[in-house]
Amino acid sequence: MHDTPPAVSNPHRPGDNYVQSFARGLEVIRSFSASAPQQTLSEVAACTGLTRAGARRILLTLQTLGYLESDGRLFRLTPRILDLGFSYLSSMPIWDLAEPMMEALAGRVHESCSAAVLDGLDIVYVLRVHTHKIMSINLAVGARLPAFWTSLGRVLLAALPESELRERLTNLPRKSFAHLTVLDDETLLTRISDARTQGWCLVDQELEEGLISVAAPLRNRSGQVVAALNISGQANRTSIEMLRERLLPELLTTSEKISRTISMRVQPR
């Protein structure tokens, strides 16, 4: 698998208030990844579709602000870039509340535990408690995966209005990640509907061979789904039956506990 899924087109159209130069700056930041941790000016321009002159202005601006550094040829991100993500995490007290309960859950079930939010057609990891390396890519805070083929994503998609869900499905690029990947609309909608009805979702080796996971929603005081929580494991040591019978009850107990804590301590926005 790739370090990150391919970018998808943004269904939102820019209006009169769209600041193109700012958007291009974000594109330059996003062009750096695990597979491209440092790039030349030409590589950034080619990756973002900018002219060399335009890419150079943005790179030098980011360097002046301390978000990039350069040896004169290669540019790379600096730790200051983490401030951008930390601003989001620190603005949402939910993560401070959830982390100790996730650590306790991972300790009881001896499997990795994650929390994620929905962003367009992707999920974005906001908390991770590792016990094993479960995927061929490095999943850390900020990592993105396609929502329609993850248990976390299907739980989050299930909370959307039906019209919005179908619109996102219309814009969904189709890619077979594994031999069990589901690609047809009817089956995808059925599995998301099942997640909505039962209040949890299990995905068996659809995103990567050998990876199985089960997820449940995290809700705020108003009952709105604000994030999702999952347990992931390897099929060769964690069977589907074990996920359902032993790990799912633990997951549901923890997700309900986190949701209650959020309701008591976090005011709805």
Side-chain angles (χ1 to χ4, degrees), residues 1-14 17-92 95-96 99 112-147 149-150 152-153 173 175 177 207-208 211 232:
M1 291 185 64
H2 299 292
D3 290 320
T4 56
V8 297
S9 59
N10 189 340
H12 301 290
R13 298 288 184 268
N17 295 323
Y18 186 79
V19 183
Q20 191 175 62
S21 59
F22 180 72
R24 287 173 173 170
L26 293 176
E27 284 298 317
V28 167
I29 292 173
R30 284 195 291 265
S31 72
F32 292 89
S33 65
S35 59
Q38 52 185 10
Q39 300 182 83
T40 64
L41 168 60
S42 297
E43 288 169 339
V44 172
C47 182
T48 58
L50 295 170
T51 64
R52 282 176 53 87
R56 182 176 182 276
R57 286 195 297 271
I58 293 173
L59 287 168
L60 293 180
T61 298
L62 291 169
Q63 184 178 0
T64 300
L65 295 173
Y67 293 112
L68 286 177
E69 61 185 12
S70 174
D71 61 5
R73 177 176 176 272
L74 291 171
F75 292 87
R76 64 188 64 84
L77 298 176
T78 70
R80 177 170 286 189
I81 205 73
L82 295 174
D83 291 347
L84 303 179
F86 182 73
S87 297
Y88 168 74
L89 293 175
S90 62
S91 71
M92 300 284 286
W95 314 127
D96 289 335
E99 188 169 18
S112 298
C113 179
S114 307
V117 295
L118 188 64
D119 182 23
L121 297 176
D122 296 336
I123 58 167
V124 180
Y125 284 84
V126 292
L127 274 179
R128 285 276 293 149
V129 178
H130 300 268
T131 58
H132 305 278
K133 181 175 175 58
I134 60 170
M135 295 190 71
S136 61
I137 65 173
N138 180 32
L139 287 183
V141 171
R144 305 173 76 91
L145 290 177
W149 295 289
T150 60
L152 288 162
K175 175 183 177 181
F177 298 97
L207 186 63
E208 182 167 306
L211 175 68
S232 300

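Values in this document were obtained by computation on a predicted structure and should not be read as measured data.
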- Message: Hydrogens and angles aside, do T40 and S42 bring a side-chain donor and acceptor to less than 3.5 Å of each other?
- Response: no
- Query: Considering all heavy atoms of both residues, which atom of R76 and which atom of L74 are nearest to each other, and what is their separation?
  - Reply: NH2-CB, 4.1 Å
- Interatomic spacing from CZ in F75 to CD in Q38 - rounded to 0.5 Å: 11.5 Å
- For the residue pair V124 and R144, what are the closest heavy atoms and their distance? CG2-NH1, 3.5 Å
- Rounded to the nearest 0.5 angstrom, the CZ-CG distance for F177 and L207 is 6.0 Å
- OH (Y67) and CD1 (I58) are apart, to the nearest 0.5 Å, by 15.0 Å
- Can you name the nearest heavy-atom pair linking A147 to L118, along with the distance? CB-CD1, 3.7 Å
- Task: Could you go through the side-chain contact (heavy atoms from CB on, under 4.5 Å) check for L68 and F32 one step at a time?
- Result: CA-CA 10 Å; L68 286 177; F32 292 89; 4.0 Å; yes
- Message: I need the full list of side chain to side chain donor-acceptor pair (under 3.5 Å) pairs touching residues 19-32, with sequence neighbours left out, sorted by first then second residue.
- Response: Q20-R24, E27-R30, S31-Q39
- Nearest-0.5 Å distance that lies between atom OG1 in T48 and atom CD in E43: 11.5 Å
- Item | Non-hydrogen atoms of P37 and S35 that approach each other most closely | CD-C, 3.5 Å
- Task: Could you walk me through whether D122 and L145 pass the side-chain contact (heavy atoms from CB on, under 4.5 Å) test, one step at a time?
- Result: CA-CA 5 Å; D122 296 336; L145 290 177; over 6 Å; no
- Message: Applying side-chain contact (heavy atoms from CB on, under 4.5 Å) to V117 and I123, what does each step give before you reach the verdict?
- Response: CA-CA 6 Å; V117 295; I123 58 167; over 6 Å; no
- Message: Can you give me the closest heavy-atom contact between S114 and L152, atom names plus distance?
- Response: O-CD2, 4.2 Å
- Note on the structure: R80 and G66 have their tightest heavy-atom pair at CB-O, 3.5 Å
